[in-house]
Protein chains: 4
Amino acid sequence: MVHVTPPDAGRRSERSRRAIFDAALSLVGEVGYDKLTIEGIAGRAGVGKQTIYRWWPSKAAVLLDAFTADAEAADHEQALPDTGDLAADLKFVLRATADEFNTPEFQAPYRALAVAAANDAKVAAEFTGRLLEPGIKVYVDRLRRAQQAGEIAAGVDVRIAADLILGPFTQRWLMRTGELTYAFVDTLVDLVLDGLRNPRP
Amino acid sequence: MVHVTPPDAGRRSERSRRAIFDAALSLVGEVGYDKLTIEGIAGRAGVGKQTIYRWWPSKAAVLLDAFTADAEAADHEQALPDTGDLAADLKFVLRATADEFNTPEFQAPYRALAVAAANDAKVAAEFTGRLLEPGIKVYVDRLRRAQQAGEIAAGVDVRIAADLILGPFTQRWLMRTGELTYAFVDTLVDLVLDGLRNPRP
Amino acid sequence: MVHVTPPDAGRRSERSRRAIFDAALSLVGEVGYDKLTIEGIAGRAGVGKQTIYRWWPSKAAVLLDAFTADAEAADHEQALPDTGDLAADLKFVLRATADEFNTPEFQAPYRALAVAAANDAKVAAEFTGRLLEPGIKVYVDRLRRAQQAGEIAAGVDVRIAADLILGPFTQRWLMRTGELTYAFVDTLVDLVLDGLRNPRP
Amino acid sequence: MVHVTPPDAGRRSERSRRAIFDAALSLVGEVGYDKLTIEGIAGRAGVGKQTIYRWWPSKAAVLLDAFTADAEAADHEQALPDTGDLAADLKFVLRATADEFNTPEFQAPYRALAVAAANDAKVAAEFTGRLLEPGIKVYVDRLRRAQQAGEIAAGVDVRIAADLILGPFTQRWLMRTGELTYAFVDTLVDLVLDGLRNPRP
DNA sequence: ACGTAAACGAGACGGTACGTCCGGTCTTATA
DNA sequence: TATAAGACCGGACGTACCGTCTCGTTTACGT
């Protein structure tokens with residue numbers, strides 16, 4: 001059995017950590033994920049390569065931490081509107097999400113992470129656990145409250161319900177099969193809530 | 001202006017073409033997409049590297065052709081059942097699709113292509129145009145017929161309707177957030193057809 | 001047993017070979033042997049690192065070939081004077097040798113090779129076989145003729161006799177314990193020929 | 001102007017000093033000089049790297065001190081036999097020297113030091129001053145007495161005379177051009193004392 | 001049927017990045 | 001304040017592939 005002495009996290013340089021995150025995020029935006037290199041990150045961060053390899057196993061892991069650090073700094077706690085109008089609330093959040101996914105600074109690293117996750121099951125587990133699921137949770141929580149209020153049928157699995165909305169949304173974004181417009185997200189919410197069989201109001 | 005004489009497709013070696021496809025497909029299954037290399041393909045195929053670079057611009061393009069060649073050989077034309085029972089038909093096809101996506105030989109190259117597409121807009125256009133859309137078309141056609149038969153509300157965009165089903169399905173598979181079981185696809189179809197608000201039967 | 005396909009020497013780039021030699025020789029003069037790097041040679045030669053690793057196992061081997069190529073271009077065949085006066089002839093050649101060893105362009109790579117040879121038995125074998133021994137041979141040949149002419153005692157091993165002269169010479173140069181002056185080499189020749197016990201003239 | 005406070009030698013850890021010497025000597029025997037690393041020495045000695053850098057400027061300096069400390073512990077004062085028979089005495093000492101140079105524990109660090117000295121003039125000065133010259137002095141002293149006794153011609157520079165014997169000896173050892181046998185050293189002494197021109201007795 | 005031009009296998013080439021090792025400097029906590 | 005420990009920036013190691021570029025050698029036409 002191989003035993004590698006883990007590095008002493010207490011002595012870690014916070015300055016380097018931040019510089020690596022900044023470099024990774026800016027570079028992924030400039031050159032894309034697969035032209036992103038550890039050497040490039042180290043160079044722009046003014047850091048030895050070993051300092052990256054000491055703390056992260058791969059560029060995907062660096063990017064994930066970089067993105068997470070930014071995200072945590074940004075939202076601290078998720079705001080979940082509950083006006084009583086489920087459709088309106090979902091559209092509101094989904095429009096905001098669409099805006100975010102249309103922002104280059106957000107899009108580049110997030111797409112890179114999605115690619116890395118699709119590629120590798122290990123990364124996928126980290127990515128879904130730390131970014132995807134917390135993002136989905138906002139929807140799940142709102143849907144659960146709607147279910148308790150009788151707005152949603154009792155037997156429905158709210159987690160799958162959330163996927164019903166976010167699956168098409170994510171797919172469209174990831175494969176670039178269309179724009180993430182307000183019209184699209186509104187249609188999405190209405191269709192999912194009412195079902196295909198119902199006559200349109 | 002640079003003018004490069006294009007290669008003479010007439011003189012192309014079919015033997016090499018097949019060998020390259022076989023090598024690419026088997027290798028992507030063994031080592032994954034980003035450890036797949038042109039050199040590796042050439043080596044296994046018993047082919048010069050230049051023969052690959054002459055006919056394809058990237059490993060993604062090779063893989064796409066390889067996969068397409070196989071797919072065309074397999075289904076030539078898609079069978080789309082129409083028993084009159086929309087839900088049953090959708091579940092039938094979706095179960096078959098789930099079976100396919102659970103097959104390693106299919107999964108490995110398809111995932112590789114999805115990854116390549118998510119990464120690069122050019123590849124995405126090819127991938128969606130040649131593989132995704134044709135696959136979706138089966139569902140769209142059936143949904144359109146259902147709409148004509150009045151089973152689906154008139155105003156519904158059947159293309160988006162297809163996404164409603166396939167988006168969650170693809171997302172679950174791509175990010176490995178869950179198994180593609182028959183139960184899942186059945187639930188998916190029912191929820192999409194009936195909507196979240198409808199009372200469960 | 002490991003079998004690595006050797007590179008095809010027929011396709012070798014003569015241009016690269018020369019550039020590598022020139023770079024190695026100039027760099028060793030500028031930075032010294034242990035700051036000489038493969039990367040540095042490749043960089044100055046305008047050559048990929050792999051082109052060096054493909055043809056040589058180490059920087060010592062590169063340097064040896066570089067030096068040998070130069071040496072062969074220079075002397076082709078060694079001239080060995082034979083005026084009938086052994087002492088005079090030896091002094092003549094040894095003075096020329098001293099001049100050579102006092103030349104920076106010759107000294108730098110030769111010292112580097114001597115260092116590499118002292119360090120590693122494999123290199124030593126190559127170095128002595130290809131450079132040292134041919135250099136010594138000039139002296140051995142002249143000594144042998146002197147022995148046939150009766151100027152040197154019959155039982156003397158002329159190879160060891162050559163070492164008697166060159167050993168002190170080389171040692172002084174290698175360890176920098178003194179200058180290689182004409183006076184020194186003259187004294188050396190006289191002492192070796194006459195022995196310590198003989199009365200000085 | 002940079003002023004670095006020199007370390008306080010009084011507080012120096014003797015335990016560490018010894019451990020570093022032991023580690024350096026054993027490691028140089030195991031891996032050779034150029035795979036000898038400061039980190040390796042520190043690791044085996046159970047010592048921080050800084051403790052080495054604080055007291056020595058280079059691995060050559062460490063090795064030199066390590067070797068000198070051992071040598072001083074061993075011979076304290078050099079024994080120089082004087083039986084009245086110069087040739088016999090020289091052969092006796094040279095045979096002992098040959099035995100020493102054939103010992104792995106002596107050979108490895110000594111060769112390492114010779115290599116370092118050949119490479120760098122600074123090291124060479126230290127090496128010759130502290131190890132080479134004291135070793136040669138034994139011969140010089142004996143030769144001087146022989147000269148006073150009339151056994152050696154009056155005009156001979158005994159320092160150069162010593163080189164006449166030790167130069168070929170060292171050269172043969174350093175370049176591994178032959179074994180250091182008793183026969184070799186005996187021949188060497190006889191030839192140097194009697195000269196090449198003399199008829200063999 | 002034959003000569004020739006293109007595709008082919010092979011692989012050397014100039015490069016870029018990999019992940020590792022070590023140099024020499026620095027910081028932190030013990031003793 | 002010297003030490004053990006080890007993080008840090010930097011730079012070279014030797015390897016793997018990239019995409020381009022010759023090399024002969026098939027191979028399939030156009031004469």
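Lettering of chains follows the sequences in order, A, B, ..., and the numbering in each one begins at 1. Note that this is a predicted model, so its numbers are computed, not measured.
The CG atom of Asp34(D) sits 14 Å away from the C1' atom of dA12(F) (whole-angstrom rounding). Between the CD atom of Gln50(B) and the C1' atom of dT20(F) there is a distance of 7 Å, given to the nearest Å. At whole-Å resolution of the value, CD1 in Ile20(B) and C1' in dA7(E) are 12 Å apart. Atoms CZ (Arg17(A)) and P (dA7(F)) sit 16 Å apart, rounded to a whole Å. For the pair Ile52(A) CD1 and dG10(F) P, the interatomic distance rounds to 12 Å; values are reported in whole Å. In this structure, Ile38(A) places its CD1 atom 17 Å from C1' of dG10(F), rounding to the nearest Å. The CH2-P distance, from Trp56(D) to dG24(E), rounds to 15 Å in whole Å. The interatomic distance linking Asp8(C) (CG) with dA10(E) (P) rounds to 13 Å, in whole Å.
Two residues, Glu39(A) and Glu39(B), neighbour DNA chain F, and the one matched to the more 5' nucleotide by heavy-atom proximity is Glu39(A). Where Tyr53(A) and Lys35(D) meet DNA chain E, the nucleotide closest to each residue was compared, and Tyr53(A) sits on the side nearer the 5' end. Taking the nucleotide of DNA chain E with the nearest heavy atom to each of Glu14(B) and Pro57(D), the more 5' of the two is matched to Glu14(B).
Within the 4.0 angstrom heavy-atom criterion, only backbone atoms of the sugar-phosphate kind lie near Gly46(B); the bases stay farther away. As judged by a 4.0 angstrom heavy-atom cut-off over every strand, Arg12(C) is placed among residues touching the sugar-phosphate backbone only.
For the pair Arg54(D) and dT3(F), the criterion of a side-chain N or O lying under 4.0 Å from OP1 or OP2 is met. Between Arg11(B) and dC29(F) there is no side-chain polar atom (N or O) within less than 4.0 angstrom of OP1 or OP2. Neither OP1 nor OP2 of dA7(F) sits under 4.0 Å from any side-chain N or O of Ser13(A). Within the structure, a side-chain polar atom (N or O) of Ser16(B) is placed less than 4.0 Å from OP1 or OP2 of dG9(E). Contact annotation: Trp55(B) side-chain N/O to dC8(E) OP1/OP2 distance is under 4.0 Å.
The ring pair (Phe, Tyr, Trp, His ring centres under 6.0 Å) check on Phe67(B) picks up Phe106(B), Tyr110(B), with sequence neighbours excluded.
Relative to the six-membered ring of Phe127(A), Lys122(A) misses at least one condition, a distance below 6.0 Å or an angle of at most 45° to the axis.
Comparing dG23(E), dA4(F), dA12(F) by their nearest atom to the side chain of Val47(D) picks out dA4(F).
The backbone N or O of Leu36(C) lies less than 3.5 Å from a partner atom in the side chain of Lys59(C), making a donor-acceptor pair. Remark: the backbone N or O of Ala118(B) is paired with a side-chain donor or acceptor of Arg111(A) at under 3.5 angstrom.
Contact of Lys49(B) with dG19(F) (side chain to base): a donor-acceptor pair of N or O atoms is detected under 3.5 Å.
Remark: aromatic rings of Trp55(D) and Phe21(D) are distant, center separation not under 6.0 Å.
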